[in-house]
Each structure stands twice: as C-alpha cells, then as structure tokens.
Visitor: 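Following this message is one structure expressed as structure tokens.
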Amino acid sequence: MAHQAHSYHMVDPSPWPIFGAAAALLTTSGLIMWFHYSSTTLLTMGLLSMLLVMLQWWRDVVRESTFQGHHTPTVQKGLRYGMILFITSEAFFFLGFFWAFFHSSLAPTPELGGQWPPTGVKPLNPLEVPLLNTAILLASGVTVTWAHHSITEGNRKQAIHALTLTILLGFYFTALQAMEYHEASFSIADSVYGSTFFVATGFHGLHVIIGSSFLTVCLLRLIKFHFTPNHHFGFEAAAWYWHFVDIIWLFLYMSMYWWGSC
Amino acid sequence: MYYKFNGFTQRLVGAAASTAYNPQGLKPIVSTESPALVFGTTTKLASDLPATDSFLGKNQVPDLQKLFQSDSKADGLPVHLKRGVPDKLLYRTTMALTIGGTIYCLVALYMASQPRSQK
C-alpha cells in the first residue's frame with residue numbers, strides 16, 4: 001500500500017459537499033415558496049437535508065481524526081486557521097448590524113420624533129433580565145475555561161461537570177431571552193428601533209443556540225473518551241466560538257440595551 | 001538563556017528557567033491515590049473491583065480505532081460508509097431527500113416562473 005510523503009490529509013471521496021449545496025438550494029427556494037405561496041414542503045426538505053449533511057459530515061471528521069488518526073499537527077494548524085477565519089467572518093457579519101444600529105440611532109429622523117429611543121417606544125430595562133443574561137454568559141466563559149483546564153490536566157470527571165454547567169448556563173440564557181422577546185412591549189415592526197434590536201439580538205440568539213449545540217457535541221465526545229490532554233481541538237474550537245458569542249453579547253448589551261435606552 | 005517552543009507562532013522564543021525545567025505539556029505528577037483505609041475489620045476497596053472506569057460508560061475508542069483502521073479488512077470503503085449498513089441507510093436517505101428535493105425545486109421554480117393566467 002502506498003504511504004504518503006507529507007503530513008497533510010487527503011480525504012476519501014465524499015458526497016457531503018454537493019449534498020450540502022443541494023440542501024442550501026432547497027432551503028433558499030423553500031423560503032421563497034413559503035413567503036410567496038404559503039407552502040412549507042420544500043423548506044422542510046431543505047432543513048432536514050441540511051441537518052443530515054451536517055451530522056454525517058462532522059461524524060466523518062470525528063472518524064478521520066479520533067479513529068483513523070489523520071489529524072497530524074499540520075492538519076490541526078490548518079483547522080485552527082480555518083476556525084479563526086470563520087469566527088472573523090462572523091464578526092464582520094455582526095459589524096454590519098451594529099453599523100445599521102448606529103446609523104439610525106446617532107441621528108434619529110423626524111419620523112422617529114428626533115429622539116432615540118423613538119417616541120412611544122418603551123425599551124427594556126438594561127438593569128433587569130439583560131444584566132442577568134450578561135452575568136450568565138460571563139459565568140459560562142469561566143466554566144468553559146475551567147473545563148479546558150480539566151481536560152489538559154486529564155481530569156475527565158471535572159471536565160464533564162464544568163462543560164455540563166457551561167451548556168446549562170447557555171440554555172438558561174436562551175430561555176430568559178425567549179421570555180424577554182415575549183414580554184417586550186415593542187416588536188420587530190416598531191420602526192427601525194424594532195428592526196435593529198430584534199435582528200441583531202435575534203442573530204446573536206441563533207449563535208448562542210449554535211454554540212450550545214457545538215458544546216453539547218463536545219460533551220458527548222468528552223464522555224466517550226475522544227479527547228486527550230494534548231489533542232482536543234474540537235473542544236478548543238467550540239470554546240473559541242463560545243467566547244466570541246459572549247463578546248458579541250457584551251457589545252450588544254453596551255450599545256443597544258444600555259446606551260440605546262437612555 | 002533558556003528557550004521554549006511557541007505553538008502559535010511555531011518558533012523558539014526566550015523563556016525563564018522555570019519554564020525550561022517544566023516543558024509545555026508536562027505537569028508534575030500529583031498522586032491521586034487515597035491513603036490506605038484503616039478500619040477495625042478488613043474492608044473491600046473500590047480499587048479491588050474490576051478496573052473499568054464506570055463513570056458514564058467505558059472507553060470504546062481503541063475498539064473503534066481498530067474498526068476504522070482495518071488494514072486487515074482492506075475493504076476500500078470510504079470513511080462515510082465504513083460502518084456498513086447504518087451508514088448506507090443514512091447516505092441513501094440523504095441522497096433521496098436532496099436529489100428528489102432538487103427535482104421538486106426545479107419543477108416548483110418552473111411553475112412559479114410561468115405568468116399568472118388573467119382572470
């Protein structure tokens with residue numbers, strides 16, 4: 001059998017990239033069919049196939065790394081670059097929504113009553129649930145760091161406890177945000193205030209759910225002995241993503257909740 | 001002058017003696033063995049039980065590594081089909097959904113692109 005003379009990973013042929021592209025087609029055209037023709041069939045097929053592709057693609061990455069040993073230090077370096085670049089792109093994504101917020105709030109138009117918050121809008125009190133949410137996410141940043149240290153020290157039981165706590169804090173944040181959305185006196189339709197607030201915090205909430213899912217997968221892998229004290233990049237990537245989500249919340253809190261409510 | 005390897009920049013950088021004598025990745029071994037229990041009568045220790053870490057399941061990674069690295073099997077199967085039947089089922093379901101869905105999508109888009117009949 002031929003052996004490679006380099007430290008990179010030449011993957012087996014895989015159907016997931018093209019199936020993933022097809023899933024994206026079904027999801028986007030499914031949105032069109034839902035918006036314009038009130039049919040959800042295509043959208044459901046799209047989301048379902050997207051879920052199946054993600055599950056199998058990432059399952060294969062775990063197989064290639066943990067079970068087949070293809071993730072050399074060179075491969076891991078590439079994955080680190082990749083995750084950092086992806087998180088950077090997400091930062092730019094949020095930058096756009098912050099730009100929109102400051103564009104509208106720094107120079108409120110006459111239609112808004114020349115003030116921010118606009119006339120008639122009663123913003124959420126930043127010192128109530130939003131402050132609790134800030135504390136929750138900061139605490140979860142501490143617990144995920146605790147989990148990381150436990151992994152590097154080979155303490156599996158403590159790592160499981162710390163990571164579980166991190167995930168529970170994430171769920172607590174999501175539940176409180178959902179309740180806030182329900183209780184808010186304004187909606188997304190309430191002028192540009194509602195638009196900027198709900199789109200920015202809504203996308204943030206989606207990222208919290210994504211991050212919580214990533215951490216949950218890491219917890220399952222941790223329980224199944226996939227991580228070693230020296231090699232646990234999947235966990236590190238999840239922890240980076242989680243810290244990013246935390247930082248975005250801090251900016252949201254300071255700009256939209258606090259400054260934007262005065 | 002002591003040096004250590006910076007994993008992020010992949011270069012040697014200056015370090016203190018304390019870092020040099022405790023290289024990255026190694027920590028002083030702290031004994032986690034509990035001291036011998038002393039009771040009036042002989043006691044049965046937990047360490048006398050079969051040595052499987054029963055906290056949330058035992059380690060199946062070595063078995064799975066054997067399964068996926070089967071040079072002996074040499075089945076030539078790609079990694080997404082390596083486990084046999086369950087992999088095949090999931091793959092075919094995904095393929096049916098995506099290919100069937102794409103055809104349905106093209107039909108739906110063709111129909112949506114037709115001008116509405118005047119009423």
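Labels below follow one simple rule: chain letters A, B, ... track the order of the sequence lines, proteins then strands, and each chain is numbered from 1. Note: hydrogens, waters and symmetry copies are ignored here, and every other heavy atom, side chains too, is used.
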Visitor: Can you tell me which portion of A/Gln56 sits under 4.5 Å from chain B's heavy atoms? Options are side chain, backbone, both or neither.
Guide: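 For A/Gln56, the contact with chain B is made by the side chain alone.
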Visitor: What side-chain donor-acceptor pairs closer than 3.5 Å can you find for residues 135-144 of chain A, not counting sequence neighbours?
Guide:
{"residue": "A/Ser140", "atom": "OG", "partner": "A/Leu137", "partner atom": "O", "Å": "2.6"}
{"residue": "A/Ser140", "atom": "OG", "partner": "A/Trp242", "partner atom": "NE1", "Å": "2.8"}
{"residue": "A/Thr143", "atom": "OG1", "partner": "A/Ala139", "partner atom": "O", "Å": "3.4"}
{"residue": "A/Thr143", "atom": "OG1", "partner": "A/Ser140", "partner atom": "O", "Å": "2.9"}
{"residue": "A/Thr143", "atom": "OG1", "partner": "A/Thr166", "partner atom": "OG1", "Å": "2.8"}

Visitor: Can you tell me if A/Leu31 has over 12 outside heavy atoms packed within less than 6.0 Å of its CG?
Guide: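 Counting other residues, nucleotides and ligands, CG of A/Leu31 exceeds 12 neighbours.
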Visitor: Tell me, for A/Arg59 versus chain B, whether the close heavy atoms (under 4.5 Å) come from the side chain, the backbone, both or neither.
Guide: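 The side chain, not the backbone.
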Visitor: Using non-hydrogen atoms and a 4.5 Å limit, figure out which bit of A/Ser29 sits close to chain B: side chain, backbone, both or neither.
Guide: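 Just its side chain gets close to chain B.
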Visitor: Considering only heavy atoms, which portion of A/Trp57 lies under 4.5 Å from any heavy atom of chain B: side chain, backbone, both, or neither?
Guide: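 The answer is neither part of A/Trp57.
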Visitor: For the candidates A/Lys77, A/Lys224, A/Met50, A/His36, which exhibits the highest count of non-hydrogen atom pairs separated by less than 4.5 Å from chain B?
Guide: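 Among A/Lys77, A/Lys224, A/Met50, A/His36, the one with the most close pairs to chain B is A/Lys77.
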Visitor: Look at the rings of B/Phe68 and A/Phe67 and say which category their plane angle falls in: under 30° parallel, 30 to 60° tilted, over 60° perpendicular.
Guide: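 Answer is parallel, since the angle falls under 30°.
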Visitor: Between A/Thr41, A/Ile32, A/Val11, which residue shows the highest count of heavy-atom pairs closer than 4.5 Å to chain B?
Guide: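 Highest number of heavy-atom pairs under 4.5 Å: A/Thr41.
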Visitor: Go through the atoms of A/Leu26 and report whether side chain, backbone, both or neither lie under 4.5 Å from a heavy atom of chain B.
Guide: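 Only the side chain of A/Leu26 comes within 4.5 Å of chain B.
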Visitor: If I measure from the heavy atoms of chain B, does A/Met45 come under 4.5 Å with its side chain, its backbone, both, or neither?
Guide: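 For A/Met45, heavy atoms of backbone and side chain both lie under 4.5 Å from chain B.
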Visitor: Please rank A/Pro15, A/Gly69, A/Ser14 by heavy-atom pairs under 4.5 Å with chain B and give me the top one.
Guide: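 Among A/Pro15, A/Gly69, A/Ser14, the one with the most close pairs to chain B is A/Pro15.
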Visitor: With a 4.0 Å cut-off, would you call B/Asp87 and A/Arg63 a salt bridge?
Guide: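 Yes, this pair counts.
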Visitor: Which bit of A/Leu48 is near chain B, if near means a heavy-atom gap under 4.5 Å: side chain, backbone, both or neither?
Guide: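 When you check distances to chain B, atoms from both the backbone and side chain of A/Leu48 fall under 4.5 Å.
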Visitor: Donor-acceptor pairs under 3.5 angstrom involving side-chain atoms of residues 208-219 of chain A: please list them, not counting sequence neighbours.
Guide:
{"residue": "A/Ser212", "atom": "OG", "partner": "A/Val208", "partner atom": "O", "Å": "2.8"}
{"residue": "A/Ser213", "atom": "OG", "partner": "A/Ile209", "partner atom": "O", "Å": "2.8"}
{"residue": "A/Thr216", "atom": "OG1", "partner": "A/Ser212", "partner atom": "O", "Å": "2.7"}

